[in-house]
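Data block below; observations after.
Just the heavy atoms: all of them, side chains too, but no hydrogens, waters or symmetry mates, feed the values below. We number each residue from 1, following the sequence as shown.
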Amino acid sequence: MQRRTFIQAAGSAVATLGVPAWASQALAASEGPLSARHITIGSTLALTGMLGGAGRDGVLGTNAAFAAVNKAGGIHGRELRLLAMDDAYVPKRTLENATKVIGGNEIFALLPVFGTANSYVILPMTER
């Protein structure tokens, strides 16, 4: 798949999924993870350590896709923002990061986690 095709497909998918009307109305006045101006998406991944390069590349790619969506008007006029947290590919840190941002209502959604053990430790949280 070519980069342009991917970005167009990703933008279309996000726009199609959109934000539920109830969430849009309930949180429009808020400046939390979902506001009238932005949607904050979280990611916990290795930005340092053995796989830090892969994580940094992932952040660059995600930011590029978000920039394309934002340039096209965002999601229902809302700008996508990425909150990337370093877990250094350590499952305990993945759990700490996810607990902080989900429990603190800092993000609207969490991107998939990189690594089997890292995904496993947050599975109970994501199932709730």
For [X] and [Y], work out which heavy atoms get closest and say how close.
{"X": "Pro33", "Y": "Asn105", "value": "CD-O, 3.1 Å"}
{"X": "Ile41", "Y": "Leu80", "value": "CG1-CD2, 4.5 Å"}
{"X": "Ala46", "Y": "Tyr89", "value": "CB-N, 3.6 Å"}

From the list Asn118, Leu111, Asn97, side chain to side chain contact (heavy atoms under 4.5 Å, CB included) partner of Thr44 resolves to Asn97

Same cluster or not: are Val59 and Ile39 linked, directly or through other Ile, Leu, Val, Met, Phe, Trp or Tyr residues, by side-chain heavy atoms under 4.5 angstrom apart? yes

With a 4.5 Å cut-off on side-chain heavy-atom distances among I, L, V, M, F, W and Y, is there a chain of contacts connecting Leu47 to Phe114? no

Any side-chain heavy-atom pair of Thr40 and Leu34 under 4.5 Å: no

Under 4.5 Å between any side-chain heavy atoms of Thr62 and Ser43, yes or no? no

Pair Glu79-Arg37, salt bridge (charged side-chain N to carboxylate O under 4.0 Å, His left out): steps then yes or no: CA-CA 6 Å; Glu79 172 186 274; Arg37 294 181 298 208; over 6 Å; no

Separation between CZ (Phe108) and CD1 (Ile75), nearest 0.5 Å, reads 10.5 Å

Any donor and acceptor pair, going by atom type alone, linking the side chain of Thr99 with main-chain N or O of Glu96 inside 3.5 Å? no

Salt bridge Asp86-Arg93, side-chain N to carboxylate O under 4.0 Å: yes

Verdict with supporting geometry, Arg78 and His38, side-chain contact (heavy atoms from CB on, under 4.5 Å): CA-CA 4 Å; Arg78 292 176 173 92; His38 69 270; 5.5 Å; no

Residues clustering with Ile102 (ILVMFWY side chains joined when closer than 4.5 Å, directly or via others): Leu83, Met85, Leu95, Val101, Ile107, Leu110, Val113, Val121, Ile122, Met125

